Every structure is written in C-alpha cells, then in structure tokens.
Amino acid sequence: MTTQTHDTVIEAVPDLPSVRIVRDFDAPPERVFRAWTDPDLVQRWLGPDDIEMRIEAWDARTGGAYRYSAWRNGERLTEFYGSFHEVRAPQRIVQTFTFVDLPDAVSLETATFDDLGGARTRVTSLSLVDTLEARDAMLASGMETGIVQGYAKLDALLA
C-alpha cells in the first residue's frame with residue numbers, strides 16, 4: 001500500500017505568543033482522532049524516530065490528564081505532562097502541555113480535526129505560550145524534527 005506524504009506547516013503566529021501546526025492525513029477524522037487519544041496508538045507515533053515514548057498515565061477525556069516520558073537506548077531523557085480540558089470526538093482536543101524541565105512554561109494547545117472529505121483529515125494545532133520569547137524558544141528547540149518524523153509514523157499507522 002502506498003502512503004501519500006503531506007507537508008507539515010509549522011509557523012509562528014505573527015505578534016502572538018503562539019505556534020500553529022497544520023498537517024493533512026489520509027484517513028477520516030474518527031481514525032485520526034483515535035490515534036491522538038488511544039495511548040497504545042499515541043506511543044507508536046509520537047516523537048522523533050530515535051526516541052521511544054512511554055505512556056505512564058493517559059486519560060483522554062474532558063477533565064483527564066496524561067504523563068509520558070522520552071527514552072533513548074534505555075535511558076530516560078525527560079517527561080511531559082498535562083491535563084485534557086476538552087475532548088470532543090472527533091473534532092477537538094484542548095489540553096495543557098508541560099515539559100518537566102521547564103515547569104513554568106505551560107502551553108495551552110488546541111487541536112482541531114477537519115473532515116476534508118474522501119477519507120482525509122486536516123489537523124490544525126495551536127500552541128499558546130506566555131511570551132514571544134517562549135514561542136521563539138519552542139520553535140528553536142528542535143521540535144520540528146519530532147513533529148515531522150512523528151507524523152510520518154502516524155501516516156504509516158493510518159495506512
């Protein structure tokens with residue numbers, strides 16, 4: 001089976017402390033949404049190729065929470081955690097995101113899942129941070145590699 005590749009757009013929102021990520025997937029919204037909320041699926045695609053994500057807690061419902069860690073070669077690198085503020089299948093997820101090494105830099109993230117027809121979905125994620133400096137640091141962190149590689153793994157998972 002051939003998988004269509006799509007570009008991932010990662011951009012700073014001008015004059016706002018936020019980052020927008022837009023990506024199309026060749027699957028209906030219900031399947032893409034499930035890949036975002038089912039912990040067994042999330043840990044299969046999330047992050048860069050050389051990192052293993054281990055889900056430690058995952059309650060993807062309105063009012064739920066999550067925690068996962070990143071591992072490389074058997075060594076724990078870091079952790080991430082947050083709360084799910086709204087989970088509305090298969091349209092929208094609103095959550096906080098915290099990198100454990102920067103606990104004061106909490107971002108508010110909203111992901112929408114738009115049906116493009118023909119078993120295609122556009123996911124738009126908007127991450128809001130507290131300052132333009134935090135936004136620029138986020139963009140400079142190397143996050144693009146993890147997002148692009150993770151979405152490629154998600155493409156394969158959805159195929």
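Model, not experiment: these values are computed from the prediction.
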- With sequence neighbours left out, the residues meeting side-chain hydrogen bond (donor to acceptor under 3.5 Å, both in side chains) with D136 are none
- Is there a chain of hydrophobic side chains (I, L, V, M, F, W, Y, each step under 4.5 Å between heavy atoms) that links L108 to I21? no
Please tabulate, for the side chains in residues 139-149, all donor-acceptor contacts under 3.5 angstrom to protein atoms that are two or more places apart in sequence or on a different chain.
| from | atom 1 | to | atom 2 | distance (Å) |
| --- | --- | --- | --- | --- |
| S141 | OG | M138 | O | 2.7 |
| S141 | OG | M143 | N | 3.3 |
| Q149 | OE1 | D49 | N | 2.7 |

- Pairs where residues 103-146 contributes a residue and the test ring-ring contact (aromatic ring centres under 6.0 Å, His included) is met, not counting sequence neighbours: F33-F113, W36-F113
Got a list of side-chain donor-acceptor pairs under 3.5 Å for residues 97-107, not counting sequence neighbours?
| from | atom 1 | to | atom 2 | distance (Å) |
| --- | --- | --- | --- | --- |
| D101 | OD2 | T78 | OG1 | 3.3 |
| S107 | OG | E109 | OE2 | 3.4 |

- Message: Going by salt bridge (charged side-chain N to carboxylate O under 4.0 Å, His left out), R122 matches just one of D7, D24, D114. Which one?
- Response: D24
- Worked verdict on R23 versus D155 for side chain to side chain contact (heavy atoms under 4.5 Å, CB included): CA-CA 11 Å; R23 177 65 148 68; D155 283 334; 2.7 Å; yes
- Message: Using the rule that Ile, Leu, Val, Met, Phe, Trp and Tyr join whenever any side-chain heavy atoms are under 4.5 Å apart, tell me whether V87 and F80 fall into a single cluster.
- Response: yes
- Message: Hydrophobic cluster membership, with links at side-chain heavy-atom distances under 4.5 Å among I/L/V/M/F/W/Y: are L157 and F25 in one?
- Response: yes
- Message: Does I93 form a side chain to side chain contact (heavy atoms under 4.5 Å, CB included) with E86? I'd like the steps, not just the answer.
- Response: CA-CA 6 Å; I93 300 171; E86 179 185 18; over 6 Å; no
- Apart from L16 itself, its cluster of hydrophobic side chains linked below 4.5 Å comprises V13, L126
- Query: How many angstroms lie between atom OG1 of T110 and atom NE2 of H85, to the nearest 0.5 angstrom?
  - Reply: 10.0 Å
- Message: Keeping S125 on the side-chain end and A111 on the backbone end, is there a donor-acceptor pair under 3.5 Å?
- Response: no
- Rounded to the nearest 0.5 Å, how far apart are OG1 of T62 and CZ of R92? 10.0 Å
- Task: Answer yes or no: are there more than 12 heavy-atom neighbours, outside R67 itself, under 6.0 Å from its atom CZ?
- Result: yes
- Any side chain to side chain donor-acceptor pair (under 3.5 Å) involving residues 12-21? Give me the pairs, sequence neighbours left out, ordered by first then second residue. E11-R20
- Could you check L77 against I51 for side chain to side chain contact (heavy atoms under 4.5 Å, CB included), going step by step and ending with a plain yes or no? CA-CA 9 Å; L77 301 175; I51 301 286; 3.2 Å; yes
- Item | Partner of P39 under side chain to side chain contact (heavy atoms under 4.5 Å, CB included), chosen from Y68, Y66, W58 | W58
- Item | S69 and E56: side chain donor to acceptor below 3.5 Å | yes
- Search all heavy atoms of T37 against all heavy atoms of A60 and return the closest pair with its distance. O-CB, 3.5 Å
- Query: Closest approach of P17 and L132, non-hydrogen atoms and distance?
  - Reply: N-CD2, 3.7 Å
- Item | Hphob cluster co-occupancy, I10 + Y151, side-chain heavy atoms under 4.5 angstrom | yes
- Query: Do you know which of V19, D130, L128 makes side chain to side chain contact (heavy atoms under 4.5 Å, CB included) with R135?
  - Reply: V19
- Task: Go through the steps to decide whether V123 and V22 satisfy the test side chain to side chain contact (heavy atoms under 4.5 Å, CB included), and finish with yes or no.
- Result: CA-CA 6 Å; V123 177; V22 181; over 6 Å; no
- Look up atom CG in L46 and atom CZ in R54, then write down how far apart they are to the nearest 0.5 Å. 14.0 Å
- Message: Whether the side chain of W45 engages the backbone of A35 through a donor-acceptor N/O pair (distance < 3.5 Å, no angle test) should be reported.
- Response: yes
- May I ask you to check whether over 12 heavy atoms, not counting those of R31, lie within 6.0 Å of atom CZ? yes
- Establish, from distance only, whether the side-chain atoms of H6 and D26 form a donor-acceptor pair under 3.5 Å. yes
